[in-house]
Amino acid sequence: MLATAASKLGLTGLGIQAISAVGNSIRQFSSTENTDLKQALRELIPAQQERLKALKKGHGSKSLGEVTVDMAIGGMRGIPGMLWETSLLDPEEGIRFRGLSIPELQEKLPAAVPGGQPIPEGLLWLLLTGQVPTSSQAAAVTEELRARSNVPLHLRKVLDALPTEAHPMTQLSMGIMALQSGSRFQSAYARGVHKSRYWEYAYEDSMDLIAKLPQLAATIYRRTYRRGEYIPPSYNLDWAANLAHMMGYEDPGCLEMMRMYQTIHSDHEGGNVSAHATHLVGSALSDPYLSFAAGMNGLAGPLHGLANQEVLRWLKDLVAKLGPSPGRDAVRKYVEDTLASGKVVPGYGHAVLRKTDPRYTCQREFALKYMPDYPLFKLVADLYEVVPEVLGKTGKIKNPWPNVDAHSGVLLQYYGITEENYYTVLFGVSRALGVLSQGVWSRALGLPIERPKSLTMAALEQRVAGQSA
Ligand SMILES: CC(C)(COP(=O)(O)OP(=O)(O)OC[C@H]1O[C@@H](n2cnc3c(N)ncnc32)[C@H](O)[C@@H]1OP(=O)(O)O)[C@@H](O)C(=O)NCCC(=O)NCCS
């Protein structure tokens with residue numbers, strides 16, 4: 001049946017590989033043909049528990065570096081203080097998901113159309129297990145998510161209690177909280193389940209939530225922008241394509257864009273606001289719904305996920321003021337004016353990256369293939385020639401290069417998804433894949449409640465008194 005599902009979805013074939021990142025080296029070895037994701041996890045967890053135990057026992061007191069005053073008052077920037085298994089960010093090279101770069105994901109993960117974009121279900125298997133799935137394993141995830149996708153009746157009622165003017169991210173957060181009444185983790189905890197089984201309930205909640213998010217996101221879109229004319233799910237489409245379908249978009253290019261979009265936004269190691277917030281709240285054993293809602297409230301900030309909305313507003317304002325094809329000098333002046341007015345240039349800069357974000361590059365390649373002559377894409381490409389130079393001249397911005405948000409909105413605009421206030425919801429749906437996968441591992445590894453040390457200014461002054469400058 002799963003093989004039939006795989007061929008129905010048109011998933012392209014793959015080698016059977018498993019990946020384990022050790023330092024900078026990646027080992028690949030055979031995995032089984034098991035298509036049961038939870039069973040695959042059950043088999044993998046004991047060895048990882050032993051690995052962590054050995055790390056703690058053998059090296060627990062070793063130093064990872066010093067913490068400076070700048071770090072303490074500078075947003076804890078650069079402090080290595082969290083375990084995060086699903087991805088790792090290199091300042092120069094960008095993100096690796098379980099050791100794989102974005103081009104490697106595109107090469108190795110199953111796709112819905114031959115040579116096309118990976119389907120996020122394959123990425124979910126990879127994030128959870130560290131193994132590149134076969135086509136049948138990815139198709140089994142599609143089936144599993146489909147089986148869990150029905151939303152409770154009260155979800156629509158909760159959303160309908162909000163005005164359609166409520167920001168889509170507010171609706172997303174409230175929608176996730178409405179789904180929380182179905183948390184199996186919370187009821188298992190209330191029944192007194194043994195802590196060695198927490199991961200199983202975290203898995204159930206995470207898969208349920210990931211399965212329901214496309215319907216929640218599409219409901220928000222249709223009630224806010226399409227007079228509440230809802231479109232039922234299609235049972236023939238993969239998870240990301242179904243999201244586009246329920247929003248009202250069927251163009252094959254748009255479905256590919258959605259698969260790519262949902263794959264590349266999924267995870268960016270643990271320290272970013274949405275990942276860290278999810279992790280922090282989950283560490284109190286708040287269930288996956290509660291912790292993911294916290295993460296989404298962080299993603300809604302303009303310095304984080306909301307930047308994709310801000311980029312589009314900024315671009316629209318630029319076009320309104322200067323026309324669709326302004327010359328470089330006019331664009332340079334517009335960027336300088338943005339800085340002079342005390343605002344950030346959205347879509348540029350990053351707390352960790354020091355080069356162009358590979359997620360930007362991946363979207364640029366998609367645009368070159370599907371929309372090379374689209375004026376807004378050309379404008380985004382022109383900005384790349386101007387903005388880094390202007391930002392660089394300020395002398396204070398550590399990374400003048402574009403990030404993921406500089407490009408994503410243009411792809412959405414091209415396919416007719418023009419409502420930029422909605423964009424962060426699409427980012428949020430994708431982010432669930434990474435942060436909830438890590439959440440399952442956090443419970444499997446028994447990670448403790450988070451509690452970093454805070455200091456008052458007086459305490460900082462006391463600690464540095466007497467230290468040479
Ligand atoms: C992402 C971001 C929040 C990282 O912040 P950070 O780690 O503090 O970045 P830096 O260390 O380079 O910041 C140093 C200074 O440059 C400024 N800066 C950084 N990026 C900037 C940008 N794109 N436009 C204008 N100023 C910027 C900071 O605001 C800071 O100014 P301050 O010293 O006056 O407070 C920041 O680059 C930003 O605000 N970018 C625009 C929003 C965005 O695209 N967010 C999505 C990120 S994926």
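Order of listing sets the numbers, starting from 1, for every ligand and every atom in it. Fair warning: this is a prediction, and the values are worked out from it, not measured in the lab.
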Exercise for the section: Mind checking ring-ring contact (aromatic ring centres under 6.0 Å, His included) for H265 and listing every partner two or more places apart, or none if nothing turns up? Expected result: Y261, F427
Exercise for the section: Kindly say whether R463 contributes a backbone atom to a donor-acceptor pair with the side chain of Q467 at under 3.5 angstrom? Expected result: yes
Can you produce the list of protein nitrogen or oxygen atoms under 3.5 Å from a nitrogen or oxygen of ligand 1, alongside each distance?
from     : atom 1 : to   : atom 2 : distance (Å)
ligand 1 : 7 (O)  : R77  : NE     : 3.2
ligand 1 : 7 (O)  : R77  : NH2    : 3.0
ligand 1 : 8 (O)  : R77  : NH2    : 3.2
ligand 1 : 11 (O) : K398 : NZ     : 2.8
ligand 1 : 12 (O) : K398 : N      : 2.8
ligand 1 : 23 (N) : V345 : O      : 2.9
ligand 1 : 23 (N) : Y348 : O      : 2.8
ligand 1 : 24 (N) : V345 : N      : 2.9
ligand 1 : 31 (O) : K396 : NZ     : 3.4
ligand 1 : 34 (O) : K396 : NZ     : 2.8
ligand 1 : 40 (N) : Y348 : O      : 2.9
ligand 1 : 44 (O) : G347 : N      : 2.8
ligand 1 : 44 (O) : N403 : ND2    : 3.0
ligand 1 : 45 (N) : L303 : O      : 2.9

Exercise for the section: Return each pair, listed once, that meets ring pair (Phe, Tyr, Trp, His ring centres under 6.0 Å) where at least one residue sits in residues 93-112; pairs must be two or more places apart or across chains. Expected result: none
Practice task
Verify whether one side chain among Y249 and Y221 offers a donor that lies under 3.5 Å from an acceptor in the other.
Solution key: yes
Completion exercise
Contacts satisfying salt bridge (Lys or Arg N to Asp or Glu O under 4.0 Å) that involve residues 433-456 (not counting sequence neighbours) are none
Handout entry: Flag, side chain of N272 to backbone of H268, donor-acceptor distance under 3.5 Å
Key = yes
